[in-house]
Every structure is written in structure tokens, then in C-alpha cells.
There are 2 protein chains.
Amino acid sequence: MRKQVAERAGVSEATVSRVFSESDAVKEKTREKVLKAAAELGYVPNELARQFARKRSGNLGVMLPFVPKAKLFSTYYFYEMMGGISEAAQQHGADLLLLQRMPGEDRGCGLLFRQQKIDGLILLGARDIAEEREELLKLDAEGRSFAFVNQRIDGLEHRAVETDHRRGCFLAAEHLLQQGWRRPAFVKGPPGFSNSLDRLLGFRDAMPDELKGEHAVLQGNYSRTSGLALAGEAAELLRSGQADAFVAGNDRMAIGLLQGLRQLGYESSRDYGLTGFDDSDGARLMEPTLTSVSASFYETGRMAALIALQVQSMPVDKLPVGLVVRESSLKRT
Amino acid sequence: MRKQVAERAGVSEATVSRVFSESDAVKEKTREKVLKAAAELGYVPNELARQFARKRSGNLGVMLPFVPKAKLFSTYYFYEMMGGISEAAQQHGADLLLLQRMPGEDRGCGLLFRQQKIDGLILLGARDIAEEREELLKLDAEGRSFAFVNQRIDGLEHRAVETDHRRGCFLAAEHLLQQGWRRPAFVKGPPGFSNSLDRLLGFRDAMPDELKGEHAVLQGNYSRTSGLALAGEAAELLRSGQADAFVAGNDRMAIGLLQGLRQLGYESSRDYGLTGFDDSDGARLMEPTLTSVSASFYETGRMAALIALQVQSMPVDKLPVGLVVRESSLKRT
DNA sequence: ATCAATAATGTACGCGCGTTCATTTTCTCA
DNA sequence: TGAGAAAATGAACGCGCGTACATTATTGAT
């Protein structure tokens, strides 16, 4: 095919290649001849062969954590992130290869590189567990180009793109106190994610000294169901006066908690203050609307992609957060 | 690399290849030798080279419609679909290549095949507009392996995986009538999608003869905002008695409508009945919870993937739907 | 044990491109 | 106009694998 284009244009195959690679110096006249011949014959370079020849797949892998069945994409967090990744990839001519970490046959991400399926990798939902950490350290030692998101792992700080979770929850807690709530409690995400802890720390930062060690912490797992399940415990805190507000580690737990407390006769604003984290769609859909920390996961994803594509190095600062005040946190007097 | 494995195992390169291809007959003894040698040397076949050699990329393309910035993945519809696609792809050893139709440089999907970037393609959010139809017809004529979802295009019925939108809205409307609502109106999605019309037809199917041509239709565009914007119009229908219930073409419009009507003093169940379509997360999060048609987009996606991967042919029936009755449609007496 | 039939393995080549190096053309400045 | 330098092009090769075909080892029936 390329040969015929070459013949038709009266040049050699190498020249055709050069024209389509755009890199080399080709005389404008020749270039036009080749392009014309190619257009007439409907020739398009075989991308697969190019990738093979230049030993680069041009793919940016996106590793999703294994989540059973339908709920794979069901969180605001992920699709927001994917949007940013997608934009960056598009902008730099990379294709996105969607990968899923399987539960059993965890062959490791290194394989994907060695197979040359991907040139760079973004890990979503990485955890700081021993085997995963070890694998990533190895990947790093091999000089692979990857990044992960909202997770700290010792020795891999230069690979982690993070939003400022700590400050986010600080803002939320501070806001509740300003609203006149006296004893906020924290609804924590699952262990294994550093951001669960960071968010708690931010919450503590905002506590006045007399509450620093005194506030209650409820343990959830970032799902709405877990928030719902904590309603009984939360109601007890409200009843006994040990808490009159909640900073939830994410929106979904906040929403579950709100629904659960409603069933028990507690209404936000009237009986307690509530904030979430993520500024998800749900926060706007709720009744009352949910005050939430907005973290631009879109930007986080974009940044991670730029790093994995090696067009940018790790920024020094964590990505900024903001507080979106809606109804659930306000204190009705 | 392969050569060294061959030497170490005392066989030829071809045999190594055969072992890793798993297809050919290789003596068990030899197989073990090769595998052992490969393990010792850390050899893994270069996937890129294999793809090149066998002229198959092994990738299933998923074409997303271009949606500005962050909202790319923000609909329940898409991520549910992606979950199903992902499962099917995984099961058949295909990788998912995420593609996005760009607004300007619409070079056509055919290119992706000719470039050998993909072996099969799923189009999400295809529309029945002239240029798109033409392009897909060409793709079909070229014998490419693709499928699209929830859209009918003349001459491409064998490529379309559909859920039974019509029956879904029939069930919703029927349910509202059974609840005692007298004059349901329909909130329609944008033109250009056949499912917008199908859903309206299903709604009509359920109408008693005296209402068949008489019911009101509000025109939205599947966004929550459009539902919100229709609240004034809807309130007028309620006020004048031209409608006392709404079947919305999807959940987001239903949610917007509910919020808008609330601002105008109308409450569902008390003042009107409401149903959505998609059974999205939002339907559960609402207050009141939203009665909605559940359509298993997960299954739709899975089916589309199986067809695009040519492991299954088009089913004769549309995929089934169900009605999930929650609070918004109930008539409080 | 012999020979044919079959299974197992080896040899050789090409997939479509990028790229190095040699060669030719064009340009520059005397 | 004629070198020499620089730009443009061509010829040849190899990337790592799969595979058709040739070759050798194994089996089974006589």
C-alpha cells in the first residue's frame, strides 16, 4: 500500500513515511505530491505497525479498582476524574486504555508495561497495602511512567497527585462552628486510604482546643449505605449532646446519614448541621441541598494524566479545594 | 529475548511462540521446559508485536459523544453502560479503548478501523442525523464490527441494541393511571434520538382513548436543568387541570421538574404524580424518592460489547424493562 | 522389525512501518 | 561557474512475532 503511494508520487517509501511522520524535513513540493497520491489511493498509515516500529503503544492506561459489577463507574469521584484524564490524553494524542484490576489474577501493572500495552499508567483508587505498595515501588524502580491519585505511599510521593483533603475538611468544620454548631463529629472513610485520615486531620485542625481530643468519630466506608447504617449511632450522639453536627468524609455517606437520621426524626439545620465532601451531583439533588467540599477531581485527573504522559512534573502544592455552602449546614435559629 | 528463551529451553523460537499462543499442539514436556525458561528469564511476549503480527489490535473501541468538559461521564446512563461493556470485554480478552468524537475534526470511525486501532466499536449516544447515518452505513458496508445502543437508524437495525423504551413508559403511565391520576402529561427528550419518540409512544399506548390525542407534551433535553425550566409550564398545566401527573423521559428531567414545581408550591403525591426513566442513583436519593423505569443499561452495554466482539448476534427481542415504584408516583388520598 | 501415518518441531519469511546510512540534489558563496 | 556544505531523498534493514512449509520424531499396524 505504502509502496503504491510511493510509486504514484514518484518517490521512495521512505519519503512517504517521512511525510506521514511529519518530523523529518521534506520538501514542500514532495510533501504535496505524496499527500495527493495518498488521498487518491485512500492510504492511511497503519497505526498498529507504527506503534510496533517505534516501540510505543501510544496508550495511557487507566487502572480502575475492582468493584463488583454495576457500580464500577457509579461514583462521582471516578467519572469526574476520567473527564480530566480524557482531556489531557486527547490533547497529547494518547489513547485511553481502560483496565481493571482483577481480584484473583493480580498479575501486576508491570506486565502491562512489559507487554507494551501502555506507555503510561494512572491508578485510581490505589491503596497503601503491603503488596500494592511493593508492586508500585518496583514499578517506580523500573522507571515506568505512572501516577496515582489521592493516596500517599511512602517513597512514592513524586507519583501522587493529591487534592488538599485536609484543608477541605478544615473548611467544612470551621464553617459548622461559625454557624453556631458546638460539637461537630466526624464520619470517617475506610482505613487503607490516606485521604480518610487526612480528612479527619483537617477536621481536627478546626476544632477548638477543648474539643481536640473529645469529638466523636463514626466509622463508615464511603458508601451511602454505610452512612445510613451509622444513623442510629449518630442519633445517640445527638440525643446525648455529644454531637450536634457532622462532617462526613464524602457526600454519599452524608446523604445516607441524612436519610437515616430523618427516619429517626432528626432534621438537618433544625437538629444538626451536616457537610459532605466531593460536591457531587447528589449534593445538589438532595432535599435539603448538601453543603460540600468541592475538590475538582477533574483537575486532579488531568494533572495525573499529564504526569503519566511525562509532559509535566509533579506540582509542589496540593490541588486547591473550596467549600460550597448549601442548606444542610446552616443553623436555623 | 525470545531467542534466549528458546536456547535455554533447547528448542526453536517457533516452539516458544507456539507455547505462548496456546493454540498449537506442543508436547507437554516441551511446554514445561519453555515455560520454565521463560519464567527464569522473565520473558513475556510483546503484546504490541503480537497484535502487529496477527493484524488484530485486540481493542474494543468505545466512542463517547462529545460532551463539553466535566460532564463527560456524569450520567448514570453512560457509566452503567460502561460497566456492562467492561465486563464483556474482560471476559473475552479485549481491551477497552476509550474514544471521543471530537466536534470539529470528525474524521469518522472508519479511520479507527483502517488504522487498526480497534477490532470492534461501540457507539454510545449515536444520533440519527444525516452525516452520522451515512458514515455508519459505510462502516456497515465495509463489514466492520460495530454496534450502537438505544437508537434506531434505518438500514442498521442489525447493529442496534435496544431496551424496550416504549414498554417502559407504557408501564409508567399505566401505573400513574392505576394510582388514580387522571391526566398524565409527557416530558419528552430531545429530537434526534429515537428513544425520545419511543418513550412518548409507550406513554400514549397507556392512555385511554379519550386522552390519546389530548395529553400535553413538554419538550426537554434530558438534562435536569431542562426539567427545572419546564416547571412553570408544568405548573400551568396543573393549575388549569390539563394535567395532574407527569411521565418524564428520564430521571434527570423528572428531578429537575420536581425541584422546580416545589419552588412553585407543588408537591408530588399531594398535587401530582411523577415518574422518571433510568432508575438512576438520583431516584433513590431524592426526597421523595422517584418512581422510575429500570432498564438495565448494564445488560445493554454487555450485549453491545458481545456483538461488537462478534461472539454473539443481535437478539430478536428488545431488552426488558421494569418499573420501580417509589414515592413520587403514589397518590395520597 | 518395517513402513506408513501422524505428531512434534525447526526453518524461513513477511507483517508495515521507522530509521540509519549512503547517495543525490539543491543551495551558498566565492 | 564551480566547489563545498547543507538539504532532500533513496536503499536496506530490523523491530518481535505468527505461520506456512519442510523436516524429524513418534506411534501403530502389520
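A, B, ... follow the sequence lines: proteins, then strands. Residue 1 opens every chain. What you see below is based on every heavy atom in this structure, not just the backbone, and it leaves out hydrogens, waters and symmetry mates.
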Can you figure out which of [options] approaches the side chain of [X] most closely?
X: B:K27; options: D:dT9, D:dT26, C:dC17; value: D:dT26
X: B:A14; options: D:dG16, C:dG10, C:dC17; value: C:dG10
X: A:R50; options: C:dC17, D:dC17, D:dT26; value: C:dC17

Using whole Å, what does the distance between atom [atom2] of nucleotide [N] and atom [atom1] of [X] come to?
X: A:E28; N: D:dT9; atom1: CD; atom2: P; value: 11 Å
X: A:E47; N: C:dG18; atom1: CD; atom2: C1'; value: 13 Å
X: A:N46; N: D:dC15; atom1: CG; atom2: P; value: 19 Å
X: A:F20; N: C:dC17; atom1: CZ; atom2: C1'; value: 12 Å
X: A:E13; N: D:dA12; atom1: CD; atom2: P; value: 12 Å
X: A:R54; N: D:dC15; atom1: CZ; atom2: C1'; value: 13 Å

_On DNA chain D, compare the nucleotides closest to B:R18 and B:A49; which residue's is nearer the 5' end?_
B:A49
*Select base, sugar-phosphate, or nothing to describe what B:T15 touches, counting heavy atoms under 4.0 Å on all strands.*
sugar-phosphate
*asked:* Counting the atoms with a prime plus P, OP1 and OP2 as sugar-phosphate, which does B:R2 contact under 4.0 Å by heavy atoms, base, sugar-phosphate, or nothing?
replied: base
*asked:* Just N and O in the side chain of A:S17: are any of them under 4.0 Å from OP1 or OP2 of C:dG18?
replied: yes
_With a 4.0 Å cutoff (strictly under), does any side-chain N or O of A:S21 reach OP1 or OP2 of C:dG18?_
yes
*Position toward the 5' end of DNA chain C (nearest nucleotide), B:V11 or B:F52*: B:V11
_Note: A:E13-A:K3 ion pair, threshold 4.0 Å (strictly below)_ = no
*For residues 111-123 of chain A, which residue pairs qualify under side chain to side chain donor-acceptor pair (under 3.5 Å), counting only residues two or more places apart or in two chains?*
A:S57-A:D119, A:K117-B:D95
_Any heavy-atom pair between the side chains of B:M63 and B:L124 that's under 4.5 Å?_
no
*asked:* Show, in sequence, the C-alpha distance, side-chain angles and deciding distance for A:Y43 and A:Q4, and conclude whether the side chain to side chain donor-acceptor pair (under 3.5 Å) test is met.
replied: CA-CA 9 Å; A:Y43 168 79; A:Q4 300 163 44; over 6 Å; no
_Tell me if the side-chain of B:R56 makes a donor-acceptor pair with the base of D:dG18, cut-off 3.5 Å, by modelled atom types._
no
*Identify the two heavy atoms, one from B:I118 and one from B:F113, that lie closest to each other, and give their separation to 0.1 Å.*
O-CD2, 3.7 Å
